[in-house]
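Both ligands and their constituent atoms are indexed starting at 1 by order of listing.
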Amino acid sequence: MAFVTRFAPSPTGPLHLGHAYSAMLAHDMAVAEGGKFLLRIEDIDRSRSKPEWEIQIYEDLQWLGIWWDEAPQRQSDRLVDYRKALDGLWLRGLIYPCRCTRRDIETALSAPQEGAEVPVGPDGIIYPGTCRSEMAFERSFPETYPRPNDANLRLDLGCIAANLVFEHRIDNAHGGGHWQTSYRETGIGPNGQSGLIAFSPEDMQTEVGDFVIARRDMGTSYHLSVVLDDAAQGMTHVVRGADLSEATRIHVFLQRLLGLPTPIYHHHRLIRDDHGKRLAKRDDARALSKYRAEGATPADIRRMVGL
Ligand code: GLU
């Protein structure tokens, strides 16, 4: 079986031990399978991405002995592809503009029960759908209603769930079944499980909500870009940290919606600091370059992360 995997860092700070573990694990797996290891620079957040961090990524990886099999892909070079995918979803009436601020959303959610906890899913606060109904009429005629570029765009999960269930009932006229999608997890799934993980559009509605598929300031989102890029780079296996296990159903759902293949996912354990806290970009103390400057070898780094 072909094996293509990747490491997809954002050039917004120094790579630390957690990144080294992720990159080395994915690279080791590709070598063991006789497959390919690719590199993608996730730089859609233009305000935080810096060319000097990108250069540092190449240097750190080479120092670790990691080489990539094709020219690195940079997300900032793929904005046209993201736009085309959004145009397609827009013309299918599946996305809608939203101008709510975070405060608007919190107010809408807390209005019925003052002081109640705000529901949160893998993409943050579960959107209460304020802008969904306002746009219902225009969205029935998307071709006469140009896609605005001054608003966030959200996926209409209610509409999609209704359509998918409808399609499924037609397919199974006698079974009356329930539409589900699934993916294979070989590492740590959302509840720590591995194996086949299935979910329904209704689960998406209640547990994720209408998430932002394109941010007004980016013209895309992490979720949309990662899904389109993994497909464009022919990924068969996605190896990444367990902090993204929860977001994976968003990605698998988008793959289904966009007609893209679903890779196998392997979410790995996270590298933590001495207090058990996950390492963050700002945690410069664990930057690889710092260990290197202090005389550590790549073998020392392997030992430190338990590889
Ligand atoms: N760019 C993300 C990060 O640096 C990783 C995304 C992914 O592996 O899907 O955390």
Side-chain angles (χ1 to χ4, degrees), residues 4-30 36-50 53-58 60-61 64 66 68 72-79 82 122-124 183-190 197 211 213 215 218 220-255 258 260-272 277-284 286-288 305:
V4 184
T5 192
R6 43 68 161 190
F7 177 54
S10 306
T12 54
L15 295 189
H16 54 56
L17 285 183
H19 295 108
Y21 176 62
S22 201
M24 289 193 289
L25 180 66
H27 191 253
D28 287 358
M29 287 169 81
K36 274 193 194 176
F37 173 87
L38 307 182
L39 180 60
R40 182 166 71 233
I41 303 295
E42 301 214 321
D43 60 349
I44 46 173
D45 188 343
R46 304 307 293 152
S47 61
R48 293 173 58 224
S49 298
K50 300 267 175 303
W53 292 127
E54 184 178 331
I55 291 166
Q56 176 92 57
I57 289 171
Y58 301 137
D60 284 345
L61 292 179
L64 285 173
I66 290 177
W68 40 99
Q73 192 176 79
R74 205 181 280 121
Q75 288 190 323
S76 55
D77 293 334
R78 303 224 335 117
L79 298 180
Y82 306 150
D123 195 59
Y183 64 97
R184 188 163 293 282
E185 169 70 59
T186 57
I188 306 167
I197 298 182
F211 60 90
I213 192 168
R215 269 174 51 174
M218 286 183 180
T220 182
S221 61
Y222 158 64
H223 301 306
L224 179 66
S225 296
V226 89
V227 159
L228 292 172
D229 295 347
D230 279 339
Q233 289 187 291
M235 232 46 82
T236 61
H237 292 71
V238 169
V239 179
R240 61 186 181 188
D243 52 326
L244 290 167
S245 294
E246 281 276 349
T248 302
R249 64 193 135 144
I250 298 181
H251 302 166
V252 173
F253 192 75
L254 285 176
Q255 286 151 6
L258 295 164
L260 301 173
T262 292
I264 292 172
Y265 286 88
H266 183 88
H267 291 93
H268 59 68
R269 66 183 164 85
L270 301 176
I271 302 295
R272 300 184 182 276
K277 229 176 100 246
R278 180 162 77 86
L279 299 184
K281 274 270 162 65
R282 19 181 207 292
D283 198 357
D284 283 7
R286 297 291 194 290
L288 280 182
V305 298

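Ligand 1 places these atoms under 4.0 Å from at least one heavy atom of Glu42: 1 (N), 2 (C), 5 (C), 6 (C). Close approach to Val226 involves these atoms of ligand 1, each under 4.0 Å from a residue heavy atom: 9 (O).
For the ligand labelled ligand 1, residue Arg6 lies inside the 4.0 Å heavy-atom shell. The shortest separation from a heavy atom of Tyr222 to ligand 1 is under 4.0 Å, placing the residue in contact.
Using a 30° and 60° split on the angle between ring planes, His267 and Tyr265 fall in the parallel class, below 30°. Note on ring orientation: taking the six-membered ring where Trp is involved, the planes of Tyr21 and His268 are perpendicular (angle over 60°, cut-offs 30° and 60°).
Considering only heavy atoms from C-beta on, Gln75 stays 4.5 Å or farther from Met218 through its side chain.
With values rounded to the nearest 0.5 angstrom, Leu64 atom CG is found 12.0 Å from His19 atom NE2. Here NE2 of His251 is found 8.5 Å from CG of Asp230. Values are rounded to the nearest 0.5 Å. In this structure, the separation between CG on Leu25 and OG1 on Thr5 is 8.5 Å, given to the nearest 0.5 Å.
Proximity of Leu244 to ligand 1, defined as any heavy-atom pair under 4.0 Å, is confined to the side chain (atoms from C-beta onward).
Considering only non-hydrogen atoms, atom 9 (O) of ligand 1 lies nearest to Arg240 out of Arg40, Arg240, Gln75.
Annotation: Ser10 places an N or O atom under 3.5 Å from an N or O atom of ligand 1; distance criterion only.
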